[in-house]
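Before any comments, here is the structure.
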Amino acid sequence: MNGKKIGNHRMDPMYTRFDRRTLYVTYDITEAINHGKNAIGVLLGNGWYNHQSTAVWYFDRAPWRNRPTFCLDVRITYNDGTVETIKSGKNWKTALSPIVFNSIYTAEHYDARMEKPGWNTINFDDKDWKDVIYRSAPSRNIVAQALHPIRNVEEIATKTVKKINDTTYLFDLGRNISGVSKITLNGAAGTTVRLKHGERLYPNGRLDISNIDAHYRPTDNTDPFQTDILILNGKAKQSFMPHFNYKGFQYVEVTSSTPIELKKEDLVGYFMHSDVPVLGDVKSSEPIINKIYYATNNSYLSNLFGYPTDCPQREKNGWTGDAQIAIETGLYGFDGITIYEKWLADHRDEQQPNGVLPSIIPTDGWGYEWGNGPDWTSTIAIIPWNVYLFYGDKKLLADCYINIKKYVDHIDETYPSGLTTWGLGDWIPVKSKSPVELTSTCYYYADAVILAKAAKILGKNDDYLRYTALVKKVKHAFNAKYLNKEKGIYGSGIQTEMSVPLYWKIVPEESIALVAENLAKRVEADGFHLDVGLLGTKAILNALSENGYADMAYKVAAQKTYPSWGWWMENGATTLYENWPIDAKSDISMNHIMFGEIGAWLYKSPGGIRPDEKQPGFKHIILEPHVVAGLDAFEVSHIGPYGKIISSWKKVNHGIAYNITVPANSTATFNLPLTRDMNVYVNGKITNNSKIDLAAGKYVIEQKAKN
């Protein structure tokens, strides 16, 4: 308005299945309106709606694809209470902008010679502009965009710049991000500047994007991957930051058609993502754990753009499997409920009448026949359930109830034995491969359990009885096939086969201790290193720490040699990778969230904060911090609906000191193992209880050696 951008959102409106649901955005423009004449200017980009770049998912052929379109109502309420609405209509004018090409997938091309100074102000002469034409709306379902917006959240200065020659410079931000770069430079009119963005370098120091353009299928050389193209107008020093895309990168290689002089300050990066408030924090006495948590959050946020993605560069797809793995990491660390409410509406838009969901959501139609199945698309149940646990809000569970039911019914009808082979399996394992039937059936079981619980919460008693019976059927069929009860071993006894049943609690009560013991033996035999893929990483640390082997879980989590999260950190990672070997030949994005469960595990095991499903939303908090060998002190905090929960401990002379904060209007149960040679004190008073009920307040709980 009047030459100034309204608000600081990026990429509005958010990506949906545009032909089924279209979002609108509301702004308060009171302060932007002048007395007298006002000018409104609009710059339209393609986004996912008019996708032209060619890749393996065929978004260039999406059924909704069309030229960008726009409508606007300015609703003015006067002091006397009357309302006037000014609408965009046939009296508007349109022209081409200096943005000559823009693709959310690849980059933006900007010809500064086509700039029209003052185009969005009241004195601009639009006589050469064309009349607009009416268009149909993308869909009839126009819905308010009620979620945290995407913003340029953090400006990141260049750490180093290397001059390769008179026309080529390599800028290094020092960390991997999702977002854009902004360059400021001088040059003669017609000078073409290319800004290529990537995550890694060739041995000769030049930018290598071969790990992230693997699925791009260009038809010519006019749309290079992650490469902004800027043509200078020669008038003065100018700045350029793309408007309608984002990238995943640490490095920017700037190449000019003529010699230019650039210095470190001439390029900055902007970390761009859904601007969700921070709710959690982790502080550890072990530096490698702090680095892992930092990298996990960087990858989580890098993959949050109004929907959770797998990676911010190569795909930008809403892979369901990655999102179900990372849901707790996201909810402990950030206030992401609005993002998930929107994304589960995308699920409801995409679900077929028979209950099937695609592996990527939203989708243009790709993913209904590959990559989906309970291990991935259980997002329809797992995410609403976790939102209920963390927020105490059953609305999303209620909104998705019919969809969860359709999904579970479809699996039951297709696989009446109770065992399902539908799914991708333990994606990108270190070495050992688990049967798809084993992992997918555990997820099917989890879905049925959630559905039965949801039926009870929502007062659907007939469904509760029906799906409780299904839970028993699946559990019996699974254990009959895969559990050697005498030995306490599932399948061949590898880490994923042992940990996934433990994590999803499909193991018979009487077998849990033996199965957990055998899992621990297996991990020890594997040198306290991971031998899992995607599904195993969700389970392995939790299965150990929940069943008496927290020390071992920590030993695996804090490993610094291959394969481990710490191995990535030791090799300079600032985000999580897509594959355990850093020199893998495929599946080698360097900013993936799919191995991100470790973030949540830090809250649950050494931190010990868990929601109680009987009083969700942290109305009642379960506190069970695990003090582990190799760690001297640990602190986690989480801001739940009732306030900030703090769980902190440190090893002191002759004992352990815990500092606990329980927020107002909530309660907690603090569980700790009692030992014969230790006394327990709560705020200085001795107690003999291993379960300590806490009202709201601050507590110092001490375990001290007896004299």
Side-chain angles (χ1 to χ4, degrees), residues 43-46 50-55 60 95-117 119 158 160-173 179-202 204-210 212-213 216-270 272 313:
L43 190 61
L44 286 183
N46 290 317
N50 188 34
H51 201 290
Q52 296 158 73
S53 299
T54 46
D60 59 309
L96 295 176
S97 82
I99 302 172
V100 294
F101 176 83
N102 66 95
S103 165
I104 195 170
Y105 183 61
T106 54
E108 190 163 299
H109 307 169
Y110 187 92
D111 188 344
R113 299 169 301 181
M114 295 175 62
E115 288 178 346
K116 300 172 175 64
W119 69 274
T158 293
T160 62
V161 63
K162 178 183 177 185
K163 184 175 181 178
I164 294 171
N165 55 48
D166 285 348
T167 58
T168 309
Y169 294 79
L170 186 88
F171 292 83
D172 178 3
L173 299 183
V180 291
S181 62
K182 180 180 180 180
I183 192 167
T184 303
L185 74 172
N186 271 318
T191 301
T192 301
V193 181
R194 292 172 172 253
L195 297 93
K196 182 161 72 169
H197 300 70
E199 299 181 313
R200 68 183 193 179
L201 304 176
Y202 287 115
N204 67 0
R206 297 295 296 268
L207 189 62
D208 174 11
I209 63 168
S210 62
I212 53 175
D213 68 358
Y216 185 35
R217 301 290 184 269
T219 54
D220 55 37
N221 62 357
T222 60
D223 179 19
F225 191 68
Q226 290 213 155
T227 304
D228 293 321
I229 300 174
L230 169 64
I231 302 175
L232 304 182
N233 59 20
K235 292 179 180 176
K237 181 175 278 195
Q238 67 180 97
S239 293
F240 168 75
M241 182 186 78
H243 306 73
F244 298 121
N245 74 81
Y246 71 96
K247 308 165 187 77
F249 67 103
Q250 175 173 333
Y251 305 98
V252 185
E253 187 174 280
V254 179
T255 307
S256 173
S257 60
T258 58
I260 52 171
E261 283 296 326
L262 294 173
K263 55 188 186 301
K264 188 169 78 166
E265 293 74 26
D266 291 335
L267 186 138
V268 296
Y270 288 97
M272 211 171 132
Q313 11 63 5

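Here, residue 1 is the first one in the sequence, and each next residue gets the next number.
With Lys196 as reference, Ile209 is the one residue of Ile209, Val252, Ile229 to meet the side-chain contact (heavy atoms from CB on, under 4.5 Å) rule. Test Leu207, Thr160, Leu262 against Phe171 for side-chain contact (heavy atoms from CB on, under 4.5 Å) and you get one pass: Leu262. Just one of Thr168, Val161, Leu267 meets the side-chain contact (heavy atoms from CB on, under 4.5 Å) condition when paired with Val254; it is Leu267. Checking Glu108, His243, His109 one by one against Asn102, the side-chain contact (heavy atoms from CB on, under 4.5 Å) holds for a single residue, Glu108.
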Can you list the steps and then say if Ser256 with Arg194 is a side-chain hydrogen bond (donor to acceptor under 3.5 Å, both in side chains)? CA-CA 6 Å; Ser256 173; Arg194 292 172 172 253; over 6 Å; no
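When only modelled atom types and interatomic distance are considered, Gln313 and Glu199 share a side-chain donor-acceptor pair under 3.5 Å. Thr255 and Thr167 share no side-chain donor-acceptor pair at under 3.5 Å. Side-chain atoms of His51 and Ser103 include no donor-acceptor pair closer than 3.5 Å.
Shortest non-hydrogen contact noted between Gln238 and Ala112 is NE2-CB, 3.4 Å.
Evaluation of the salt bridge (Lys or Arg N to Asp or Glu O under 4.0 Å) test over residues 222-233, restricted to residues two or more places apart or in two chains, returns Asp228-Lys247.
Put simply, CG on Asp111 and CG on Asn233 are 8.5 Å apart, with the number rounded to the nearest 0.5 Å. Between atom CG of residue Asp266 and atom NZ of residue Lys237 there is a gap of 6.0 Å, rounded to the nearest 0.5 Å. With rounding to the nearest 0.5 angstrom, the OG1 atom of Thr192 is 4.5 Å from the CD1 atom of Ile231.
Residues satisfying the side-chain hydrogen bond (donor to acceptor under 3.5 Å, both in side chains) test with Tyr169, not counting sequence neighbours, are none.
The aromatic rings of Tyr110 and Phe240 lie tilted to each other, with the angle between the two planes from 30° to 60°.
Around the NZ atom of Lys116, the shell of radius 6.0 Å holds more than 12 heavy atoms that belong to other residues, nucleotides or ligands.
Salt bridge status for Glu261 with Lys163: present, with a side-chain N to carboxylate O gap under 4.0 Å.
Here Phe225 and Tyr105 bring their ring centres to under 6.0 angstrom of each other.
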